[in-house]
Amino acid sequence: MPKKAVEEIEELRETLRRHEHLYYVLDQPDISDAEYDGLMRRLQQLETQHPELIAPDSPTQRVGGKPREGFVKVAHTSPMLSLDNALNETELIEFDRRVRDLLHGDSYEYVAELKLDGLSMAAQYREGRMQQAITRGDGRVGEDVTENARTIRTLPLRTKSSLKSFEVRGEAIMPRRAFEKLNAKQEEQQLALYANPRNAAAGALRALDPGVTASRQLEYFAYFLLVDGQFHFESHWESLEFLAKLGFKVNPHRKKLAGLDELLDFYRHWEAHRESLPYEIDGLVVKVDSVRQQQSLGWTAKAPRWAIAFKFAAQQAETEVEDINVFVGRTGALTPVAFLRAVNIGGVTVTRASLHNEDEIGRLGVEIGDRVLVERSGDVIPKVVRVVRQGGSRRPFRMPKKCPVCGGEVVREEGEAASRCINTNCPARLKESISHFAARGVMDIDGMGDVLVDQLVSRGLVKSVADIYDLTVEQLLELERMGQKSAEKVIANIDRSRKQPLPRVLNGLGIPFVGERTAQILAEAFGSLDTIAGADDATLQQADEVGPKVSQSIQKFFHEPRNRELVERLREAGLTFTHEIRKKSGGPLAGKTFVLTGTLPNLAREEAKSRIESAGGKVSGSVSKKTSYVVAGDEAGSKLDKAKELGIPVLGEAELLAMLK
Ligand code: IVH
């Protein structure tokens, strides 16, 4: 037995399994798809050379990762297999040759579609209604995400079709704009950013609360129609047209192509124009159009022989890290940025790449002077994928102990990835805090844009958020490009903001982990800013959705003398510090929190939820000490285990119905 091959195979399998777990289960891949493909390739190659070493548990022998706990698992009607990849033109030519050979001179046509970078999902329709939506999962068993899928507007809930039942397969994606909005919001709430739209879409599709999915604005593009597990039309093209007629979103950039040359043209066109699309694509999918020919070409264990994913070259290049510097953001977070020797990646000159935080630098093991692989994707700031070669006279990056903008102390809290400048008056932070305070949806001070904020801070007119309430028309008139009318308007808008309700004031303070939603909850639970400021851990955590992280952040904020002073000045400025406490509604289930898991015999999940709520109870997505009851149906998953672990009473449907009476 070739010992070296055995070792390499074992090592590759281990590595691939780890990455699969990161990718499929945790939605946190830490290598690029291109690198993953490369590793898989190498393993496939070794296994082809040594077929005796193929094991049923090798990553080459299955389609994807395991579905994660938390959703009901459902078997697919027929496996949702994947596609083989062509990573360059030579491999596409090879694919075409194989098709031609296997079709023995029969003429054939391809249908090329964009390869949307999202998650595949199957949706079942009966009597024209969408019944069930299932993620791909491991290809054989997926997760029932019906309730979440219902929130996707491009997935019809009803269609007019004479077919009694059918299944649609397609891709759930997050458009770039929705992704950017989401990340802006994450940043505002000081939460971790999503690495790309694909991960964000995965998170949204598997959110425990369908409301979250709805807010993420996913889209669904259909690309397969199955009737009784079979393709229903004679050609793929016809079924796409049919799906479009039924009301599904079918990607318009599809084309029938006669042969290789047309295929390559189409590919080059989209490689050059992919950035102009409102969503991300990572290549083309090429399918033999005729279903009869598809059948004669058949399938391997993993993929059809009649289709291939023709991937775009990774937008990657190697260069050198010349320096690492830090930038200070709104929350005071110091973001290390690699300054690179200029390199061209896909037609764009790249000179910087974000390194996010100290942990990321540690994970990459990158130092100044190293040669690194850099990846660019869409409009997102480029990122360092890995170190290619360590520099001869490399030197490690150290997070500065003092803020590079104000010289203030830099602190990294336990459990947080970011190091922060804790000086709330740091000009870098100050500008961002004021913009946040004045923003739409917060204190809504119209006219207080970045340009004005910049001038106010640089001229020393505003040294704290509270200072904006002392501004006068005369002061504003001294600023560049500020006329009497605009100045009066801004002052009037500032004045009006004094009446904003407490949740907005609370959000405006910029307390880490207290965004719009938490601010609302806190205001409704405690009724005044002073109560919140003076509350201890136990009291704060009595509020919904407030755990130790949020509670500690609140206490720490109000402990700082500087913040206490800010609060006093805002009080003097006449801001709203009280709020009506939300009365616990009457109803037999008032004050009780329920968690639903599994499938109930009669009640649909939404129905159970609305009945509990109209009886005054609350329904939450996850089991915690605050849960009063867990209602479990068939195939209840980890929530049931958690309930048992925490000793929370578990009810069946009948018991729930009895309580609702
Ligand atoms: S066909 C067996 N068409 O790419 C047929 N897939 O690499 C498999 N994808 O799992 C799917 N756009 O998630 C097909 N127009 C398209 C696609 C597409 C994106 C994804 C899909 C699939 C993966 C295969």
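Both counts, for ligands and for their atoms, begin at 1 and track the order of listing.
- For F224, every heavy-atom contact with ligand 1 shorter than 4.0 Å involves the side chain, none the backbone.
- Nearest protein neighbour of atom 13 (O) of ligand 1, counting heavy atoms only, is E171 OE1, 2.7 Å.
- Protein heavy atom closest to atom 12 (N) of ligand 1, with residue, atom name and distance, is L116 N, 3.1 Å.
- Protein heavy atom closest to atom 2 (C) of ligand 1, with residue, atom name and distance, is L81 O, 3.6 Å.
- From the protein, the heavy atom lying nearest to atom 11 (C) of ligand 1 is Y223 CE1, 3.8 Å.
- Taking the six-membered ring for Trp and the full ring otherwise, F310 and F95 have centroids separated by 6.0 Å or more.
- Among all protein heavy atoms, the one lying closest to atom 15 (N) of ligand 1 is E113 OE1, 3.0 Å.
- The main-chain N or O of T154 is never found under 3.5 Å from a side-chain atom of K249 such that the two would form a donor-acceptor pair.
- When K115, K287, M80 are ranked by how near their heavy atoms come to atom 3 (N) of ligand 1, first place goes to K287.
- Protein heavy atom at the shortest distance from atom 10 (O) of ligand 1 is S120 OG, 3.6 Å.
- Under the rule for a side chain to side chain contact (heavy atoms under 4.5 Å, CB included), R177 has no partner lying at least two apart in sequence or in another chain.
- In this structure, F248 and Y125 have perpendicular ring planes: the angle between them is above 60°, well past the 30° mark.
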